[in-house]
Amino acid sequence: MEAVGGVASGGPRLRVAAAGSGASSGCQALLPDGCDWCRARQAAPNLSPRVPARRAPGPCRGMDEEKMDENEWKYHGEGNKSLVVAHAQRCVVLRFLKFPPNRKKTSEEIFRHLQNIVDFGKNVMKEFLGENYVHCGEVVQLPLEFVKQLCVRIQSERPESRCDKDLDTLSGYAMCLPNLTRLQTYHFAELRPILCVEIKPKCGFIPFSSDVTHEMKHKVCRYCMHQHLKVATGKWKQISKYCPLDLYSGNKQRMHFALKSLLQETQNNLKIFKNGELIYGCSDARSPVADWSELAHHLKPFFFPSNGLAAGPHCTRAVIRELVHVITRVLLSSTDKGRAGALRPGPQGPRVCEASPFGRSLRHQGKNTPERSGLPKGCLLYKTLQVQMLDLLDIEGLYPLYKRVERYLEEFPEERKTLQIDGPYDEAFYQKLFDLSTEDDGTVAFALTKVQQYRVAMTAKDCSIMIALSPCLQDASSDQRLVVPSSRSQLAFSVSVLDLDLKPYESIPHQYKLDGKIVSFYSKTVHAKDDTVMSTRFKESEDCTLVLHKV
């Protein structure tokens, strides 16, 4: 999870990157009336305002060399490439890059990397998904001593499986973002309990490209196939019943099934936070599955009055059911405008994945497809799916084009910057993504466009959706914010997207190899299982015949 850092009362003066993208005004874009951090500065005169800063290396302006208190920050979470700490009082987090111990980058390279993330979010993903969903943050520079002490302080809280990479303690650069586990729509959110559900929905369609050579990929989605390989390699203990196509279907019955499946086997696709603290979901691959009754205990204040249902299985089921219904309503709501609806990537593949338990139940009932519902065009899931479908050729069709670009760069390495492979991610980069042609004219330009579209699509396939919920007061009907009904009350909500870093150009060969490995393993596993089932049925038939013959 990614988020931002804040300044406590009497803290150091924050200096913000003043790069050409206008980062210094970034926090004003976080909320209609500014972020909690900005409001806190305006309301509390003892908070240090921004001041003209000395120049740090590169175009970034950093922080004063005042002491920051690492004890005011706590470990929040981390992924493969970054680590996030949250401020104890303010609704902000700091996101640091991580690197293997033997890999060092210059401060300028790290600043440019972070600024590219900000620019890509602002100029591309915010345009596609909508400004209320995407929070770009800004690059800040921190005192090195603070970063080093913070690194020592949080080390014991990091999952062992993530400690193969170290927090960047040499550059002092980090990203400052809003804490998306908090409600983003009104400034008094911290006065009320906040529930936040983080969902990583993954890819919501089956490849429709004619470049696909494995017939299995036209029937079973990538997520369901990958589950078998992950369980076989020990990543997870058992296969999840969740299928992304069920969540993206727009059919409430299928969406409810998908969300309940995520709650049963969260893996790293679902987490639940209460007042910013993780209360449900795996913090590590080896974490045990959480208890539904414990989750229901946390959820009751949000969905029932304080003297609500008694404890027990009935209460647990009722509360979980209510949570699923509320999340579904929020996911189907249209709360912002984006330009992803302008994308028309062509026909989709099957609407049901053959590996989905929901899909199998339909076939048992003699139904090939479920009742057609579809997603409302204004909702976040619809827009996310549209961006995912920029993967027009599948990795099988894309990889030869990647190789074409590689050959060109080997001959003309100085052209890498002109091709915008490493940025800048500006309006020109964004406009090229709308070229949805699939007729290969043999040029490097065509190949590059498909490569960039694939990178953006992969970003949308791996993003996370944050749904923050908070009980409404009885006299809150006049407040300007989004509200979703529950069985006993109303909940104010906000929806945000994170993990929107553009996928690396260099990762394409890895994705190509992984795709082949996933499909090959799944095909062998499923076929072997089918052969075993058929063999068992044949033997049972033989045994039955023998018994009847004897009688």
Side-chain angles (χ1 to χ4, degrees), residues 1-3 76-82 84 159 161-162 180-181 195-206 220-249 254-274 278-292 295 299 320 323-324 326-328 330-331 353 355-359 375 380-381 384-385 387-388 457-468 495-501 503 514 518 522:
M1 138 150 294
E2 325 290 22
H76 193 65
E78 62 186 294
N80 185 43
K81 296 181 180 179
S82 59
V84 178
S161 61
R162 293 294 189 184
L180 297 181
T181 64
L195 188 74
C196 179
V197 180
E198 176 184 352
I199 301 171
K200 189 179 284 291
K202 305 302 285 188
C203 180
F205 71 96
I206 288 178
V220 180
C221 78
R222 165 71 172 258
Y223 180 88
C224 289
M225 284 194 285
H226 203 177
Q227 281 287 302
H228 289 260
L229 182 61
K230 287 183 175 181
V231 171
T233 56
K235 172 67 174 177
W236 305 115
K237 293 181 179 179
Q238 62 186 37
I239 293 173
S240 171
K241 295 180 181 178
Y242 170 70
C243 176
L245 267 68
D246 292 331
L247 187 66
Y248 281 97
S249 69
R254 292 178 69 186
M255 294 179 75
H256 292 169
F257 181 87
L259 291 168
K260 288 179 181 178
S261 298
L262 281 177
L263 286 164
Q264 288 172 341
E265 191 70 28
T266 62
Q267 297 186 3
N268 64 346
N269 295 100
L270 183 138
K271 294 179 181 178
I272 300 179
F273 301 84
K274 185 176 182 180
L278 180 67
I279 61 169
Y280 192 82
C282 290
S283 58
D284 191 8
R286 290 177 289 274
S287 297
V289 178
D291 184 1
W292 270 24
L295 174 61
L299 296 178
I320 296 296
L323 171 67
V324 168
V326 166
I327 294 174
T328 301
V330 171
L331 288 175
C353 168
S356 165
F358 192 95
L375 292 166
L380 180 58
L381 282 179
T384 303
L385 181 60
V387 181
Q388 291 180 358
M458 291 299 290
T459 300
K461 291 177 185 181
D462 205 37
C463 70
S464 293
I465 297 174
M466 307 290 287
I467 300 171
V495 185
S496 307
V497 191
L498 53 76
D499 295 341
L500 290 176
D501 300 12
K503 293 302 178 183
L514 178 61
I518 289 171
Y522 182 79

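Looking only at distances, no side-chain donor or acceptor of Y522 sits under 3.5 Å from a matching main-chain atom of Q227. The closest donor-acceptor contact from the side chain of T459 to the backbone of D501 lies under 3.5 Å. Between the side chain of T233 and the main chain of K230, a donor-acceptor pair closer than 3.5 Å is present. Between the side chain of E198 and the main chain of K271, no donor-acceptor pair closer than 3.5 Å is present. When atom types are taken as modelled, the side chain of Q267 and the backbone of W236 share no donor-acceptor pair closer than 3.5 angstrom.
Of all heavy-atom pairs between C203 and K461, the closest is SG-CE, 3.7 Å. Minimum heavy-atom separation, Y248 to L381: CE2-O, 3.5 Å.
Of the inter-residue distances, the one linking L500 atom CG with T384 atom OG1 reads 8.5 Å to the nearest 0.5 angstrom.
Residues forming a side chain to side chain contact (heavy atoms under 4.5 Å, CB included) with C224 (at least two apart in sequence, or on another chain): V220, C221, C243, C353, A355. With sequence neighbours excluded, the residues forming a side chain to side chain contact (heavy atoms under 4.5 Å, CB included) with K202 are K200, Y223, P244, N269, D462, listed by chain and number.
In this structure, L180 and C196 have side chains that are not in contact, with every pair of non-hydrogen atoms separated by 4.5 Å or more. When side chains are defined from C-beta on, L331 counts as touching I467, because their heavy atoms get closer than 4.5 Å.
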